[in-house]
2 protein chains.
Amino acid sequence: MTKATPIDAADRPRRRDAAATRAAILASARRAFAEAGYDGAGVREIAAGAGVTAMLVNRYFGSKEKLFAEVIAATMAAPTILTPQNLASPRLGETIARTLVEITRTGDTPLEGFLIMLHSASSKRAAEIGREQIEHGHQKTMASALRGALAPERAALILSMVAGIQVMRQMMGLPALAKAEPEALVKLLAPLFQQLIDGDTEASGR
Amino acid sequence: MTKATPIDAADRPRRRDAAATRAAILASARRAFAEAGYDGAGVREIAAGAGVTAMLVNRYFGSKEKLFAEVIAATMAAPTILTPQNLASPRLGETIARTLVEITRTGDTPLEGFLIMLHSASSKRAAEIGREQIEHGHQKTMASALRGALAPERAALILSMVAGIQVMRQMMGLPALAKAEPEALVKLLAPLFQQLIDGDTEASGR
DNA sequence: GATGAAAGTCTACAGGTGTAGATAAAATGA
DNA sequence: TCATTTTATCTACACCTGTAGACTTTCATC
């Protein structure tokens with residue numbers, strides 16, 4: 001046998017380097033959390049993925065909870081489809097839809113933070129950490145960029161739709177979505193997103 | 001203090017009744033799974049909620065996994081907002097939106113099956129059970145009731161939106177949604193659902 | 001009232017969890 | 001080359017998990 005099941009550059013007996021080890025643990029944790037959620041991913045498993053021992057994880061991050069918080073913060077900070085500059089695009093609805101469909105098809109990383117959060121939402125503490133990050137990292141940013149009434153609600157609904165699609169397509173693997181023609185989904189979703197972005201119609205009229 | 005924390009009719013030393021005990025366990029399990037998910041809810045906890053011992057749970061249901069499957073089947077079978085007869089309504093979009101908003105506000109039971117599934121989606125086995133139920137209990141029913149092209153995809157997207165709102169409003173507790181004016185959310189959501197129901201616009205035009 | 005079956009509980013096990021403290025190995029300084 | 005500090009591991013501990021087998025209590029029927 002070669003080794004255990006190491007990740008990336010962790011297969012060679014990495015030279016003692018605190019920063020690199022920390023990064024390796026963070027990367028392994030990110031992957032493990034995305035796959036199994038907060039409760040499902042064990043510290044020993046995360047450590048093994050980074051090529052170290054479980055105890056080192058706590059030594060670097062204090063506790064599993066703090067490690068999770070840092071992973072969430074890191075993944076949420078990465079640029080996603082929901083960046084402010086994207087909000088300037090004219091056909092933003094289609095952009096969001098297309099990116100979302102593509103990401104949920106390939107399981108790409110830009111929305112990994114969201115996925116981790118969804119997988120971990122059953123844990124109360126993890127949900128709390130995730131909500132904080134979503135609220136400050138996405139919802140408020142989007143809301144301030146949207147014009148018109150009910151901006152916070154509209155922003156939150158956009159995030160809800162993203163979350164819903166991720167749940168059904170990536171987590172549940174609902175065949176109708178998982179095997180759907182990507183372009184067809186984009187055509188269906190684009191006007192929905194656009195509608196929430198514009199916030200037109202009877203949003204003001206009572 | 002009265003007793004421990006029993007449920008419903010389990011506070012009085014229930015007369016020995018297999019059917020009633022089974023039902024009590026099922027009810028307790030339903031509540032526990034909805035709150036903590038498959039992994040989060042323990043057999044002992046479920047049993048305590050029904051006023052029995054953990055071993056009795058396995059005696060009645062074989063295993064935790066089988067108990068979960070039965071809970072899911074029961075909650076999914078209950079009538080929800082997504083029933084076929086509702087699909088005949090003219091302003092169905094608004095009906096769905098209003099019901100969804102109301103249910104996610106009060107935490108009412110009609111969508112509890114969905115909530116359980118979302119909380120349990122991190123467990124692979126639980127997700128598999130849930131997907132099967134969703135697919136056959138909702139998605140296919142809806143799809144066959146929808147007219148026009150891409151019916152399966154549109155049905156799945158409606159379910160995705162329901163799931164997304166539940167996640168953000170009930171599980172994450174995103175303030176912008178949790179504290180939003182119900183009627184405002186309905187006004188925002190109704191046209192989105194209606195659009196997926198009608199399936200009009202450029203769905204056919206390429 | 002005794003008997004047999006049903007309903008429920010007790011004890012226990014093997015495995016897993018996160019984490020604390022002491023210990024070993026490697027790198028860096030003198 | 002020796003000493004010191006950093007980096008990483010070993011051992012261990014409480015606790016919790018789902019579940020199996022033996023045991024005790026209650027009920028219904030003869």
Side-chain angles (χ1 to χ4, degrees), chain A residues 3-4 6-7 9-26 28-29 32-33 35-71 120 122-126 129, chain B residues 3-4 6-7 9-26 28-29 32-33 35-71 120 122-126 129:
Chain A
K3 276 294 172 61
I7 183 181
D11 41 359
R12 61 186 182 284
R14 188 182 48 258
R15 200 172 166 73
R16 292 206 164 189
D17 182 346
T21 303
R22 221 189 108 99
I25 294 174
L26 214 52
S28 173
F33 282 140
E35 199 162 327
Y38 179 75
D39 287 326
V43 176
R44 287 170 176 82
E45 173 192 350
I46 293 173
V52 297
T53 326
M55 284 60 239
L56 204 61
V57 174
N58 273 4
R59 211 159 175 77
Y60 270 103
F61 295 91
S63 69
K64 183 186 180 183
E65 186 177 309
K66 288 181 186 164
L67 168 63
F68 181 76
E70 196 152 326
V71 167
S120 309
S122 49
S123 168
K124 283 193 178 181
R125 189 74 194 93
I129 294 172
Chain B
K3 279 293 172 58
I7 184 179
D11 41 0
R12 60 186 181 285
R14 188 181 48 257
R15 202 170 164 76
R16 292 205 164 191
D17 181 347
T21 301
R22 221 188 109 97
I25 294 175
L26 214 51
S28 174
F33 283 140
E35 199 162 327
Y38 179 75
D39 287 325
V43 177
R44 287 169 176 83
E45 172 192 352
I46 292 173
V52 297
T53 325
M55 283 60 242
L56 204 61
V57 174
N58 273 6
R59 213 166 166 74
Y60 272 102
F61 297 90
S63 69
K64 183 186 180 183
E65 185 177 312
K66 289 180 186 164
L67 168 62
F68 182 76
E70 197 151 325
V71 168
S120 309
S122 49
S123 169
K124 282 193 176 178
R125 188 74 194 92
I129 293 171

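Here is how names work: the chains are called A, B, and so on, in the same order as the sequence lines, proteins then strands, and each is numbered from 1. Since we're looking at a predicted model, the values are computed, not measured.
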ask   = Under 4.0 angstrom, heavy atoms only, what part of the nucleic acid is A:Phe61 near: base, sugar-phosphate, or nothing?
value = nothing

ask   = If you look at every strand shown and take non-hydrogen atoms under 4.0 Å, does A:Ala41 touch a base, only sugar-phosphate, or nothing?
value = sugar-phosphate

In this structure, how many angstroms lie between the [atom2] atom of [N] and the [atom1] atom of [X], rounded?
| X | N | atom1 | atom2 | answer |
| --- | --- | --- | --- | --- |
| B:Ile46 | D:dC16 | CD1 | P | 17 Å |
| B:Glu65 | D:dG18 | CD | P | 12 Å |
| A:Tyr38 | C:dT17 | OH | C1' | 11 Å |
| B:Asp39 | C:dG18 | CG | P | 13 Å |
| B:Asn58 | C:dA7 | CG | C1' | 15 Å |
| B:Leu56 | D:dG18 | CG | P | 16 Å |
| A:Lys64 | C:dG16 | NZ | P | 15 Å |

request  = For residues B:Ser122 and A:Ala36, report the shortest heavy-atom separation together with the two atoms involved.
outcome  = CB-O, 3.8 Å

message = I need the A:Ile46 CD1 to A:Leu26 CG distance, nearest 0.5 Å.
response =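 Here the rounded value is 10.0 Å.
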
request  = Check whether any side-chain nitrogen or oxygen of A:Thr21 sits under 4.0 Å from OP1 or OP2 of D:dA8, and answer yes or no.
outcome  =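 Yes, A:Thr21 has a side-chain N/O under 4.0 Å of OP1/OP2 on D:dA8.
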
inquiry  = With a cut-off of less than 4.0 Å, is there a side-chain N or O of A:Tyr60 near OP1 or OP2 of D:dT7?
reply    =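 For A:Tyr60, the contact criterion (side-chain N or O under 4.0 Å from OP1 or OP2 of D:dT7) is not met.
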
request  = Please tell me which of A:Met55 and A:Arg59 maps to the more 5' nucleotide of DNA chain C, matching each residue to the nucleotide holding its nearest heavy atom.
outcome  =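 With A:Met55 and A:Arg59 compared, the 5'-side residue is A:Met55.
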
ask   = Is the closest side-chain heavy-atom distance between B:Val43 and B:Leu67 below 4.5 Å?
value = no

message = Any side-chain to backbone donor/acceptor pair from B:Lys64 onto B:Tyr38? Under 3.5 Å, distance only.
response = yes

ask   = Can a donor-acceptor pair under 3.5 Å be found between the side-chain atoms of A:Arg44 and the base atoms of C:dT19?
value =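 Indeed there is one.
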
